[in-house]
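Note sheet for the following structure.
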Amino acid sequence: MKNKIVAAMFEKIADVLEFQGEIPFKVNAYRKAARVIGEMQEDIEDVWREGRLREIPGVGTALATKIEEYLTTGKMTKYEDVVSSVSADLIELLEIQNLGPKTAALANKKLGVENLNDLKRVIADGSLAKLPGMGEKKVENIQKGIELYERARARISIGVALPLVEELIAELKSRTQVKKIEAAGSTRRMRETVGDIDILVETDRGAEVIQAFVHLPNVTRILAAGDTKGSVIVGDRIQVDLRAVGKESYGAALQYFTGSKAHNVHLRGIARKNGLKINEYGVFRGEEKIGGEKEADVYHVLDLVWIPPEMREDRGEIELAAQNRLPHLIELKHIKGDLHVHSHWSDGKATIAALAIEARQRDYRYIAVCDHSKSAKYAHGLEEEQVLEKIEEIKQIQENVPDIKILSGAEVDILADGSLDYPDEILAQLDIVVAAIHQGFKQRATERMLAAMENPYVFILAHPTGRLISRREGYRLELEKVFQKAAETGTILEINSYYDRLDLSDVNARRAKEMGIKLSINSDTHELAQLDAMKLGVGVARRAWLEPEDVINTYSLEKLLKLRDEKRKGR
DNA sequence: GCCGTTTTCGGCCCGACTGTTTTCAGTCG
């Protein structure tokens with residue numbers, strides 16, 4: 001698939017054009033096309049062959065010609081022209097906060113700034129501050145931006161952002177009298193990573209609340225503090241923005257600051273066509289305010305049903321909302337069990353009894369204890385005879401916890417030759433077999449997975465792509481083939497809820513659903529508290545538009561085991 | 001550069017904050 005490459009080229013063109021002072025609308029046209037193509041499921045080459053490039057939203061005659069040129073010749077003249085006109089170092093400077101295209105261009109033209117070192121130099125010698133429109137404070141802010149940039153401020157995981165948001169909200173509640181307070185932005189949309197954290201608060205004393213916010217104990221730097229907006233750095237690099245609004249605007253502000261940007265731009269376009277205006281204070285017809293206290297107002301005035309935050313990415317949800325055909329998304333309360341947790345038998349910390357009791361407290365009906373297999377030495381994988389011992393222990397523990405079913409399971413390694421780490425005689429005695437690659441990521445990963453799925457005892461394929469969000473790309477995989485085999489054999493694909501995995505991702509999980517594959521959302525717990533990771537997996541599932549029926553651990557135990565037996569018998 | 005029940009030309013989401021201005025530009029989200 002060349003989708004990502006084309007998207008990256010358009011993105012780059014947009015960056016350069018912006019730097020060169022091209023009108024923002026043209027820049028945005030490239031950015032929009034880049035986003036749509038980057039997220040598109042269909043192979044852009046297929047779309048092109050079928051003559052449907054122009055049907056891609058945001059692609060008109062000019063961009064279609066450029067895509068065609070690239071797909072035919074492997075080159076895009078516009079891209080090469082644009083990129084060669086400005087050095088890459090210079091474009092990268094736009095990543096620096098408080099330094100935008102105008103200032104970068106000015107510094108380049110007047111002072112010959114070509115890269116980060118040049119920029120530091122003109123700051124140090126004071127020449128940047130002397131340029132027209134510049135001054136000490138502006139330069140100081142750019143300097144701060146450079147410091148942040150050099151700390152390689154990456155996006156943080158949703159698994160880190162959520163607890164931090166909860167802590168900040170609790171602190172703020174204890175220090176001020178706020179009526180409502182909640183996270184907005186990509187945190188609310190449950191994106192797998194979050195750039196900045198956005199928090200929205202309802203109050204009629206905005207300035208006071210903002211002051212309290214920027215002086216919270218964890219705040220290390222204040223970026224801005226006005227009457228309605230405060231912006232700070234928490235710890236050494238996480239930016240948190242707080243917005244304060246009154247009751248009459250809370251819903252509109254929540255909608256606005258939840259985004260995504262693409263979703264909101266689309267909504268505003270519809271509003272304009274209907275003679276309405278939407279902003280963070282409400283919905284307006286001329287001077288008259290016709291909504292904004294409730295978030296749903298914003299959607300209802302446009303004849304749309306309310307759209308769950310996780311779907312707000314402008315990936316077709318607005319069109320569905322107009323027809324009242326939104327999916328009924330899965331919720332945490334639908335989850336009836338966790339099919340991938342580890343106990344102290346391998347590398348987990350908790351006992352099986354503790355896991356069962358803790359799961360019961362979450363209203364689960366079943367839990368599958370899947371410890372590592374013998375080849376996973378680093379994780380104290382179990383030898384065959386230990387597996388049998390563990391099955392016996394589960395039988396005994398089960399007698400003391402009658403109201404939750406403890407399923408004996410294993411997370412079985414898929415070995416280098418595609419065979420499994422236990423013989424079928426052992427697998428047959430387990431209730432749930434989860435298979436996964438843990439070693440030799442780059443060796444024939446696709447073939448090994450296909451072979452593993454052919455085994456009738458392999459019910460679930462765990463963390464199918466193997467990516468670690470903060471650290472590694474994932475197996476070299478032909479995902480389309482893996483999905484086809486899963487659909488063919490009735491193998492379940494996992495959404496692993498561990499914050500650094502979230503694997504399958506939202507986009508991949510949505511593709512799996514479209515191919516008729518069932519999924520399982522599992523916590524991959526290694527200690528009791530990690531059972532709560534389930535909510536992250538559910539977030540991914542909601543972003544993938546999954547409904548309860550798509551996810552097997554919303555099923556009753558009977559229905560779940562029936563599905564497993566169908567795979568065992570062969571379809 | 002895209003797009004079309006007001007438009008094939010003239011729009012394109014919109015406001016807060018900051019700093020450098022003396023009425024506004026740049027940046028951000």
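Residue numbering restarts at 1 for every chain, and letters A, B, ... go by the order of the sequence lines.
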**Prompt:** Atom CD1 of A/I278 and atom C1' of B/dC14: how far apart are they, to the nearest Å?
**Reply:** 11 Å

**Sugar-phosphate, base or nothing in reach of A/A225, heavy atoms under 4.0 Å** = sugar-phosphate

**Prompt:** Checking all strands, does A/N264 fall into the base, sugar-phosphate, or nothing category for heavy-atom contacts under 4.0 angstrom?
**Reply:** nothing

**Message:** Distance check, C1' atoms only: B/dT6 and B/dC12, in whole angstrom units.
**Reply:** 16 Å

**Message:** Minimum heavy-atom separation for A/L116 and A/I96, please, with both atom names.
**Reply:** CD1-CD1, 3.7 Å

**A/E280, nearest nucleotide to its side chain (from B/dG19, B/dG1, B/dA16)** = B/dA16

**Prompt:** Atom CD1 of A/I13 to atom P of B/dG1: distance rounded to whole Å?
**Reply:** 9 Å

**Request:** Can you spot which of A/D503, A/N508, A/N496 makes a side chain to side chain donor-acceptor pair (under 3.5 Å) with A/T465?
**Result:** A/D503

**Request:** Take atom P in B/dC13 and the same atom in B/dC17, then report the distance between them in whole Å.
**Result:** 22 Å

**Request:** Assess whether salt bridge (Lys or Arg N to Asp or Glu O under 4.0 Å) is satisfied between A/E547 and A/K513, documenting all intermediate values.
**Result:** CA-CA 10 Å; A/E547 301 178 282; A/K513 171 184 174 158; 3.4 Å; yes

**Request:** Using a heavy-atom cut-off of under 4.0 Å over every strand shown, decide if A/V59 touches base, sugar-phosphate, or nothing.
**Result:** sugar-phosphate

**Request:** Provide, to the nearest angstrom, the distance between the NZ atom belonging to A/K130 and the P atom belonging to B/dG19.
**Result:** 20 Å

**Message:** If I take atom CZ in residue A/R54 and atom P in nucleotide B/dG1, what distance separates them, rounded to the nearest angstrom?
**Reply:** 13 Å

Short N/O separations, protein against nucleotides 5-12 of chain B, under 3.5 angstrom:
unit_1: B/dC12; atom_1: OP1; unit_2: A/R272; atom_2: NH1; d: 3.0
unit_1: B/dC12; atom_1: OP1; unit_2: A/R272; atom_2: NH2; d: 2.7

**Prompt:** Taking atom OH of A/Y250 and atom CG of A/L200, what is their separation to the nearest 0.5 Å?
**Reply:** 4.5 Å

**Item:** A/Q255 and A/N264: side chain donor to acceptor below 3.5 Å
**Value:** yes

**Asked** At under 4.0 Å, does any side-chain N or O of A/Y281 touch on OP1 or OP2 of B/dC13?
**Response** no

**Donor + acceptor pair across side chains of A/S186, A/R191 (<3.5 Å)** = no

**Prompt:** Looking at the side chain of A/T228, which of B/dC17, B/dC2, B/dC14 is the nearest nucleotide?
**Reply:** B/dC17

**Prompt:** B/dT5 and B/dG1: how far apart are their P atoms, nearest whole angstrom?
**Reply:** 23 Å

**Prompt:** Does the B/dG29 base have a donor-acceptor partner in the side chain of A/Y256 within less than 3.5 Å?
**Reply:** yes

**Message:** Does the protein touch nucleotides 20-28 of chain B at the base, only the backbone, or not at all? Give it as B, S and - per nucleotide, heavy atoms under 4.0 Å.
**Reply:** S-----SSS

**Request:** Using the C1' atom as the reference point in each nucleotide, state the distance between B/dT22 and B/dG15 in Å, no decimals.
**Result:** 22 Å

**Request:** Let me know the distance between OH of A/Y30 and P of B/dC3, rounded to the nearest Å.
**Result:** 14 Å

**Separation of the C1' atoms in B/dA25 and B/dT20, to the nearest angstrom** = 9 Å

**Message:** Show the nearest heavy-atom pair for residues A/A183 and A/V165, with the distance to one decimal.
**Reply:** CB-CG1, 3.7 Å

**Request:** Any strand is fair game: report the nucleotide pairing with B/dT8 by Watson-Crick or G-U wobble, both distances under 3.5 Å, or none.
**Result:** none

**Item:** A/N218 and A/E167: side chain donor to acceptor below 3.5 Å
**Value:** yes

**Asked** Hey, can you pull the residues of residues 198-224 of chain A with a non-hydrogen atom under 4.0 angstrom from DNA chain B?
**Response** A/A224

**Message:** I'd like the C1' distance from B/dG10 over to B/dT21, given in whole Å.
**Reply:** 32 Å

**Asked** Starting at CG of A/N279 and ending at P of B/dG29, how long is that distance when rounded to a whole Å?
**Response** 19 Å

**Item:** Length of the CZ-P vector between A/R243 and B/dG29, whole Å
**Value:** 9 Å

**Prompt:** What integer distance in Å separates A/F257:CZ from B/dG15:P?
**Reply:** 11 Å

**Message:** Just so I know, are the side chains of A/M9 and A/K78 near enough to count as touching, which here means a heavy-atom distance under 4.5 Å?
**Reply:** no

**Request:** Could you verify whether a donor N or O on one side chain and an acceptor N or O on the other, from A/Q20 and A/S85, lie under 3.5 Å apart?
**Result:** yes

**Prompt:** A/D227 near the nucleic acid: base, sugar-phosphate alone, or nothing, with a heavy-atom cut-off under 4.0 Å?
**Reply:** sugar-phosphate

**Donor-acceptor pair, side chain of A/T176 and main chain of A/K173, under 3.5 angstrom** = no

**Prompt:** Could you walk me through whether A/R315 and A/V507 pass the side chain to side chain contact (heavy atoms under 4.5 Å, CB included) check?
**Reply:** CA-CA 10 Å; A/R315 295 174 180 163; A/V507 172; 4.2 Å; yes

**Request:** Indicate whether any N or O donor in one side chain lies under 3.5 Å from an N or O acceptor in the other, for A/E280 and A/S249.
**Result:** no

**Request:** Report which part of the nucleic acid A/S231 touches: base, sugar-phosphate, or nothing (heavy-atom distance under 4.0 Å, all strands).
**Result:** nothing

**Message:** Exactly one of A/R467, A/R543, A/R501 should register a salt bridge (Lys or Arg N to Asp or Glu O under 4.0 Å) with A/E192. Which one does?
**Reply:** A/R467

**Asked** A/K261 near the nucleic acid: base, sugar-phosphate alone, or nothing, with a heavy-atom cut-off under 4.0 Å?
**Response** base

